[in-house]
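Each ligand, and each atom within it, is numbered from 1 in the order the structure gives. Values below: all heavy atoms of this structure, side chains included; hydrogens, waters and symmetry mates excluded.
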Amino acid sequence: MKPTPDQALSSVPQIQPDDRKMLDVGPLAIVGGCGHVGLPLGLAFARKGYQVDLIDTSTERVAMVNRAEMPFHEDDALPLLKDTIQSGLLKATTDPTALEDASAIIVTIGTPVDEYLDPSVGEFDRSMNQLLQRVRPGQLVVLRSTVFPGVTERLARQLEQSGRGDIDLAYCPERIVQGQSLAELERLPQLIGGATRRAAERAAALFQLITPKIIFLKPIEAELAKLFCNAWRYINFAISNQFYVIAQQFEADFHRIHQALREDYPRMQSFARPGFAAGPCLLKDTMQLGAFNHGSFVLGQAAMMINEGLPYLLVQHLKRSYPLNEMTVGLLGMAFKPDSDDPRSSLSYKLRKVLLLECKQLLCSDPLVPDPELTPLPEVLEKADLLVIGTPHSCYKGLSFRQPVIDVTATIRG
Ligand SMILES: NC(=O)c1ccc[n+]([C@@H]2O[C@H](COP(=O)([O-])OP(=O)(O)OC[C@H]3O[C@@H](n4cnc5c(N)ncnc54)[C@H](O)[C@@H]3O)[C@@H](O)[C@H]2O)c1
């Protein structure tokens, strides 16, 4: 019988020399390996000389990676991808039999929420069940996707009950900021929640190859830590957005207050600037935490209403100053954050929906986002009577505009 996680952590796990050796018996396999988390992680291991197989269901992404093309932007990733593909250290495949030879398997597939903002666990469970059919006795399986709390221990119990308790399972959350993964993976401590002490030690040996520091937690603690991290950030943005709305109501300049409060005052240095709080993780993980806590997460739910309400607020603000129904409006920047090519859960798309109801014509543009429905920038600049900057990409900074420009972030920032 394996020890429980509590027994596993009654003393700090120690990495054994054998744990390191076990990593040399075969390549690392990353499931979901061509995604925003999986690919930089694969590159980080390959950069250290480890053989990595990226297993992904997207034939398009697999083909791109094997042609040494990045499917999305990550700082400094392209030259490393070219080197590691050329040297044969990194390869991508849709074939799950690649799992069979792996020394360790890391799972980085998506864990979305459904239309009710509840975790869509069905898809993740199906993928995990298929994957676990292929896992060999003695293999290490690391969950790195952001999972619903309790998933690691539930899977470990299922493995134990089906006589496959010799598979070592750990949860090791990803905490990078998208776009800067390769720099951050080398800097950030790695949280490790092993279902058993042995799993914790093996996962630690694995991440020690790329990470300076390991911190051990129980699986439920590591799972909650990841959700707390994203919910904490999301709520902080909401505080600033709510303060912005209050300041605006009383005709006070939020931006000046923000600057004044932070000047030579250490306790307010982390006071976030207001603006769109979007992207594939913050809202989703705040809602996962709410669902986990039986639907009760008042602060998180209030944060969602504030952050998701900003596009409506902006359009109300615009309507007071411009006859939108007579105007062609250009919306510049559709990615969820500046200088990113990722449009997932971007509030610019929500702003587009609201603006579509109000203006005569709406033209949306983003030089980084590969969306065939977008209009090229020169055409937007030529046709628009009014421009709204949804995502302040650096490339907009040097432009001169003939029409009025509303910078969402500047406007929302007061
Ligand atoms: N993007 C981030 O910055 C970030 C940061 C921390 C944690 N996370 C978490 O990491 C997970 C992955 O996020 P992402 O942004 O990399 O998503 P993504 O959509 O970019 O990548 C997921 C990849 O998994 C592939 N995939 C889906 N099902 C598969 C299956 N059954 N087998 C093999 N491949 C499969 C997809 O084709 C895709 O390439 C999520 O749980 C997310 O919450 C993301």
Side-chain angles (χ1 to χ4, degrees), residues 29-44 53-66 69-75 77 92-99 102 105-113 117 119-135 141-149 151-152 171-185 188 190-191 222-223 225-234 277-289 291 335-337 340-346 370:
I30 302 185
V31 181
C34 296
H36 291 82
V37 165
L39 182 50
L41 186 66
L43 287 167
D53 289 340
L54 306 171
I55 299 165
D56 204 292
T57 44
S58 164
T59 46
E60 194 187 349
R61 281 187 172 181
V62 164
M64 284 184 84
V65 169
N66 285 331
E69 291 168 18
M70 281 297 290
F72 43 80
H73 176 78
E74 268 295 323
D75 290 353
T93 177
T94 54
D95 180 3
T97 58
L99 289 171
I105 297 165
I106 306 178
V107 180
T108 64
I109 62 180
T111 47
V113 284
L117 298 176
S120 339
V121 279
E123 186 58 40
F124 182 79
D125 281 355
R126 265 190 299 281
S127 299
M128 282 309 297
N129 284 337
Q130 282 169 6
L131 184 144
L132 290 173
Q133 307 287 326
R134 295 192 175 271
V135 174
V141 177
V142 170
L143 302 178
R144 195 161 181 78
S145 307
T146 304
V147 296
F148 197 65
V151 160
T152 312
Y171 177 63
C172 305
E174 179 60 87
R175 293 193 294 162
I176 48 86
V177 60
Q178 203 174 298
Q180 294 165 33
S181 310
L182 287 167
E184 290 209 335
L185 280 166
L188 301 181
Q190 180 61 53
L191 307 183
E223 290 162 344
K226 175 64 200 173
L227 296 188
F228 285 175
C229 176
N230 278 354
W232 185 85
R233 293 188 64 224
Y234 191 67
C281 291
L282 296 189
L283 170 63
K284 163 181 86 81
D285 292 346
T286 306
M287 293 302 107
Q288 290 216 67
L289 187 54
F336 82 83
K337 64 176 182 177
S340 165
D341 55 3
D342 190 350
R344 292 180 298 169
S345 308
S346 167

message = Just to verify, which of Met64, Met70, Arg61 counts as forming a side chain to side chain contact (heavy atoms under 4.5 Å, CB included) with Cys34?
response = Arg61
ask   = Say you draw a straight line from OH of Tyr234 to SG of Cys281; how long is it, rounded to the nearest 0.5 Å?
value = 12.5 Å
ask   = Is the closest side-chain donor-acceptor distance between Thr97 and Asp95 under 3.5 Å?
value = yes
query = For Val31, which of Ile106, Val141, Leu131, Leu54 qualifies under side chain to side chain contact (heavy atoms under 4.5 Å, CB included)?
reply = Leu131
query = Considering only heavy atoms, which protein residues lie less than 4.0 Å from any atom of ligand 1?
reply = Val31, Gly32, Cys34, Gly35, His36, Val37, Ile55, Asp56, Thr57, Ser58, Arg61, Thr108, Ile109, Gly110, Thr111, Ser127, Ser145, Thr146, Glu174, Ile176, Gln178, Lys226, Cys281, Lys284, Arg344
key: Thr152/Glu223 under side-chain hydrogen bond (donor to acceptor under 3.5 Å, both in side chains): CA gap, chis, key distance, verdict   = CA-CA 8 Å; Thr152 312; Glu223 290 162 344; 2.4 Å; yes
key: Validation row: Glu184, Arg175 side chains within 4.5 angstrom (heavy atoms)   = no
